[in-house]
Amino acid sequence: GLPARGKSYIVKMLVRYLEWIGFPTRIFNVGDLRRRRGMAGASADFFKSGDDNARKLREELAMACQEEMYAWLNLQPSSCVAIFDATNTTKARRAALLKRAQAAHG
């Protein structure tokens, strides 16, 4: 979904419900990963489509976040829910995420 449309808010509500009914649940947010890696307060230029270096870094962050998600899922002893919370606006990003998900699923 597009930025600032309530995705993360809905995710938090969903997590609250899923944990209430007993499912271990974790959110994997690309923005949080970016901030943990020391890129808090990135300028608006970082998110513009014309900057190839920034685009590459955004893609690397998304894939790293997804890898963290699969690592967590593989450590869980039973049913659980992992939520990938990111702005996946390009067809290429969505295709890469789908390809990785298919590889994880077998």
Side-chain angles (χ1 to χ4, degrees):
L2 294 173
R5 297 294 189 254
K7 293 178 303 299
S8 295
Y9 176 77
I10 291 170
V11 163
K12 289 175 185 170
M13 299 299 285
L14 181 59
V15 166
R16 187 177 307 152
Y17 173 73
L18 289 168
E19 288 180 340
W20 181 72
I21 62 173
F23 285 100
T25 307
R26 186 164 167 199
I27 301 168
F28 295 85
N29 182 288
V30 176
D32 289 344
L33 177 62
R34 177 179 50 81
R35 287 182 282 280
R36 284 195 322 260
R37 290 195 175 177
M39 292 176 265
S43 72
D45 292 337
F46 178 77
F47 300 98
K48 289 185 179 178
S49 60
D51 185 338
D52 287 338
N53 289 331
R55 181 196 50 76
K56 183 180 178 199
L57 184 53
R58 289 192 311 269
E59 297 302 320
E60 288 172 0
L61 286 166
M63 294 303 122
C65 189
Q66 194 178 36
E67 291 304 320
E68 283 184 13
M69 179 181 73
Y70 288 116
W72 180 80
L73 283 168
N74 289 329
L75 291 174
Q76 302 310 303
S78 62
S79 296
C80 61
V81 178
I83 299 173
F84 186 74
D85 183 14
T87 302
N88 302 305
T89 54
T90 66
K91 288 182 181 180
R93 162 96 53 94
R94 291 189 300 271
L97 296 172
L98 177 61
K99 183 177 178 181
R100 178 61 183 92
Q102 289 169 333
H105 185 62

Quick one, [X] and [Y] - any side-chain contact, counting heavy atoms below 4.5 Å?
X: N53; Y: K56; result: no
X: R36; Y: L33; result: yes
X: M63; Y: E60; result: no

Extract all donor-acceptor atom pairs below 3.5 Å that involve side chains of residues 91-99 and protein atoms in other chains or at least two apart in sequence.
{"unit_1": "R93", "atom_1": "NE", "unit_2": "E59", "atom_2": "OE1", "d": "3.1"}
{"unit_1": "R93", "atom_1": "NE", "unit_2": "E59", "atom_2": "OE2", "d": "3.3"}
{"unit_1": "R93", "atom_1": "NH1", "unit_2": "T87", "atom_2": "O", "d": "3.3"}
{"unit_1": "R93", "atom_1": "NH1", "unit_2": "N88", "atom_2": "OD1", "d": "3.2"}
{"unit_1": "R93", "atom_1": "NH2", "unit_2": "E59", "atom_2": "OE2", "d": "3.4"}
{"unit_1": "R94", "atom_1": "NH1", "unit_2": "N88", "atom_2": "O", "d": "2.9"}
{"unit_1": "R94", "atom_1": "NH1", "unit_2": "T89", "atom_2": "O", "d": "3.1"}

To the nearest 0.5 Å, tell me how far K7 NZ sits from F84 CZ. 11.5 Å
Does A40 offer a backbone N or O that forms a donor-acceptor pair with the side chain of R35 under 3.5 Å? no
Grouping ILVMFWY residues whenever side-chain heavy atoms fall under 4.5 Å, the cluster of L75 otherwise contains none
Could you list the cluster mates of L18? Members are the ILVMFWY residues connected by side-chain heavy atoms closer than 4.5 Å, either directly or through other members. V11, L14, V15, Y17, W20, I21, F23, I27, V81, I83
Results of ring pair (Phe, Tyr, Trp, His ring centres under 6.0 Å) for F28 - residues two or more places apart only: W72
Which heavy atom in [X] sits nearest to a heavy atom in [Y], and how many Å separate them?
X: V30; Y: A62; result: CG2-CA, 3.9 Å
X: E19; Y: T25; result: OE2-O, 3.2 Å
X: P24; Y: S79; result: CD-O, 3.4 Å
X: M69; Y: A82; result: CG-CB, 3.4 Å

For D85, the side chain to side chain donor-acceptor pair (under 3.5 Å) test, sequence neighbours excluded, returns S8, N29
Using the salt bridge (Lys or Arg N to Asp or Glu O under 4.0 Å) criterion, which residues pair with R100? Sequence neighbours excluded. E67
